[in-house]
Amino acid sequence: TKALLLPEEVGMKKTKIAVFVSGGGTNLQALIDAQNRGEIKNGKISLVVSSNPNAYALERAKNNSIATEVIRRKDYAEFDEYDSAVTELLKSKDVDLVVLAGFMTILGKQFISAFENRIINIHPSLIPSFCGEGYYGLRVHEEALNRGVKVTGATAHFVNEVCDGGPIIIQKAVEIQNGDTPEILQKRVMEQAEWKILPRAVSLFCEDKIIVKDNKTEILD
Ligand code: GAR
């Protein structure tokens, strides 16, 4: 006889997580490492979707025996066809949570509404600063340095139809230092903020500890 029942045996289904990537995938790696440490409570990364067949993130998935799919915007004539294809793919895999971890392709209305409050994005600034259309990757850090802010950071948030406008889940501040370049700042923001708050936000979702109301969240912790 077993002394303890597993969560799935008492009817608690593990949250199936799909991670969307486009590049190096260090945020995907942070999620995998957190999962291996048991810090993604009640969730499992079951799929990695890349917009780019050459993304190093795909190697990280394969090294950890995670299934992969590549879906490219340019393989569809119309944006709506791309939107439908992404939506169908994710529905066919029974995915409960989508995590955008450095995903550089805009997603469509159909997909966003099919996964309302079930898509988490990591953005490399303190929203609402340095965000919205055109603010991605190194550009965000260039603009922060151009403006001369003294503090920046990262934000984990739900995705809605407004670019970087969905409910904020966690933010973490990072100080700017003398001599920072966009590359140096990007690395500090990743290490001190992104790689910590993204796995934390994902775990909170899987533990059902995030309440969304009026485009805001309340964290039950
Ligand atoms: C990360 O800094 C992430 O916050 C950013 O792209 C980088 C991806 O790195 N995302 C955006 O700018 C989204 N607007 P990674 O592939 O090593 O995780």
Side-chain angles (χ1 to χ4, degrees), residues 17-35 40 45 47-64 66 68-73 86 97-108 111-112 119-147 149 151-176 180-202:
I17 305 166
V19 183
F20 281 36
V21 297
S22 299
T26 64
N27 279 288
L28 168 64
Q29 190 66 53
L31 288 165
I32 293 170
D33 293 347
Q35 174 168 283
I40 308 288
I45 305 166
L47 179 66
V48 168
V49 178
S50 179
S51 61
N52 162 14
N54 303 314
Y56 182 67
L58 288 170
E59 299 304 313
R60 299 183 192 270
K62 286 169 192 156
N63 291 341
N64 289 276
I66 301 168
T68 61
E69 295 277 351
V70 174
I71 189 157
R72 294 193 294 186
R73 169 65 189 88
V86 183
L97 171 68
V98 172
V99 180
L100 309 184
F103 188 66
M104 299 304 180
T105 306
I106 296 284
L107 290 162
F111 182 74
I112 292 170
I119 309 172
I120 293 176
N121 180 46
I122 184 74
H123 182 79
S125 75
L126 293 173
I127 289 176
S129 287
F130 312 113
C131 66
E133 247 166 81
Y135 284 91
Y136 56 86
L138 271 182
R139 260 276 338 261
V140 178
H141 304 293
E142 269 163 28
E143 291 300 318
L145 292 174
N146 283 343
R147 184 61 187 84
V149 293
V151 173
T152 184
T155 303
H157 65 94
F158 284 117
V159 171
N160 66 11
E161 63 292 342
V162 180
C163 184
D164 296 327
I168 291 169
I169 305 167
I170 311 181
Q171 297 189 294
K172 192 164 190 294
V174 174
E175 286 189 11
I176 307 261
D180 271 354
T181 62
E183 290 78 8
I184 292 170
L185 183 56
Q186 179 182 53
K187 185 152 185 282
R188 188 180 312 119
V189 169
M190 284 176 157
E191 283 173 357
Q192 294 184 5
E194 297 182 43
W195 302 341
K196 293 182 175 162
I197 68 173
L198 183 60
R200 178 90 192 106
V202 167

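Counting starts at 1 for both ligands and their atoms, following the listed order. No hydrogens, no waters, no symmetry mates; every other heavy atom, side chains included, goes into these values.
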S.K.: How close do Phe111 and Phe20 get, heavy atom to heavy atom, and via which atoms?
M.R.: CZ-CZ, 3.9 Å

S.K.: Identify the closest protein heavy atom to atom 3 (C) of ligand 1: which residue and atom is it, and at what distance?
M.R.: Glu194 OE1, 3.3 Å

S.K.: How long is the span from the CD1 atom in Ile168 to the NE2 atom in His123, to the nearest 0.5 Å?
M.R.: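 Separation between the atoms: 10.5 Å.
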
S.K.: Go through the steps for Glu142 and Asn146 under the test side chain to side chain donor-acceptor pair (under 3.5 Å), then give the verdict.
M.R.: CA-CA 6 Å; Glu142 269 163 28; Asn146 283 343; 6.0 Å; no

S.K.: For atom 16 (O) of ligand 1, grab the closest protein heavy atom and report residue, atom and distance to one decimal in Å.
M.R.: Gly25 N, 2.8 Å

S.K.: Quick check: Gly23 and ligand 1, any N/O pair under 3.5 Å apart?
M.R.: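 The answer is no, given that Gly23 and ligand 1 share no N or O pair closer than 3.5 Å.
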
S.K.: For atom 12 (O) of ligand 1, find the nearest protein heavy atom and state the residue, atom name and distance (0.1 Å precision).
M.R.: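 I find the closest protein heavy atom is Gly137 N, 2.8 Å.
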
S.K.: Any idea which protein heavy atom is nearest atom 6 (O) of ligand 1, and the distance to it?
M.R.: Met104 CE, 3.2 Å

S.K.: Show your working on side-chain contact (heavy atoms from CB on, under 4.5 Å) between Ile120 and Phe158 and close with a plain yes or no.
M.R.: CA-CA 5 Å; Ile120 293 176; Phe158 284 117; 3.8 Å; yes

S.K.: Of all the atoms in ligand 1, which lie at a distance below 4.0 Å from a heavy atom belonging to Tyr135?
M.R.: 14 (N)

S.K.: Who's the nearest protein heavy-atom neighbour of atom 7 (C) of ligand 1, and how far?
M.R.: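 For atom 7 (C) of ligand 1, the nearest protein heavy atom is Met190 CE, 4.1 Å.
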
S.K.: Surrounding CG of Leu138 (heavy atoms of other residues, nucleotides or ligands, distance under 6.0 Å), is the total greater than 12?
M.R.: yes

S.K.: Quick one: does Thr26 get an N or O within less than 3.5 Å of an N or O on ligand 1?
M.R.: yes

S.K.: Show which side-chain atoms of residues 191-199 pair as donor or acceptor with protein atoms under 3.5 Å away, not counting sequence neighbours.
M.R.:
{"unit_1": "Glu191", "atom_1": "OE2", "unit_2": "Lys187", "atom_2": "NZ", "d": "2.9"}
{"unit_1": "Glu194", "atom_1": "OE1", "unit_2": "Asn27", "atom_2": "ND2", "d": "3.0"}
{"unit_1": "Trp195", "atom_1": "NE1", "unit_2": "Thr26", "atom_2": "OG1", "d": "3.1"}

S.K.: Please identify which atoms of ligand 1 are closer than 4.0 Å to at least one heavy atom of Tyr136.
M.R.: 12 (O), 14 (N)

S.K.: In terms of residue, atom name and distance, what is the protein heavy atom nearest to atom 8 (C) of ligand 1?
M.R.: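 The protein heavy atom lying closest is Gly102 CA, 3.6 Å.
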
S.K.: Once rounded to the nearest 0.5 Å, what's the spacing between atom OH of Tyr135 and atom CD1 of Ile127?
M.R.: 12.5 Å

S.K.: Check contact between Ile122 and ligand 1, using heavy atoms of the residue and a distance below 4.0 angstrom.
M.R.: yes

S.K.: Going by heavy atoms in the side chains, are Val159 and Leu107 under 4.5 Å from each other?
M.R.: no

S.K.: Does an N or O anywhere in Phe103 fall below 3.5 Å from an N or O of ligand 1?
M.R.: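 Checking ligand 1 against Phe103, no N or O pair falls under 3.5 Å apart.
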
S.K.: For the residue pair Val70 and Leu58, establish whether any side-chain heavy-atom pair is separated by less than 4.5 Å.
M.R.: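 Yes, close enough: below the 4.5 Å cut-off.
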
S.K.: Could you tell me, atom by atom, which parts of ligand 1 come under 4.0 Å of a heavy atom of His123?
M.R.: 14 (N)

S.K.: Any N or O of Asn27 that comes nearer than 3.5 Å to an N or O of ligand 1?
M.R.: yes

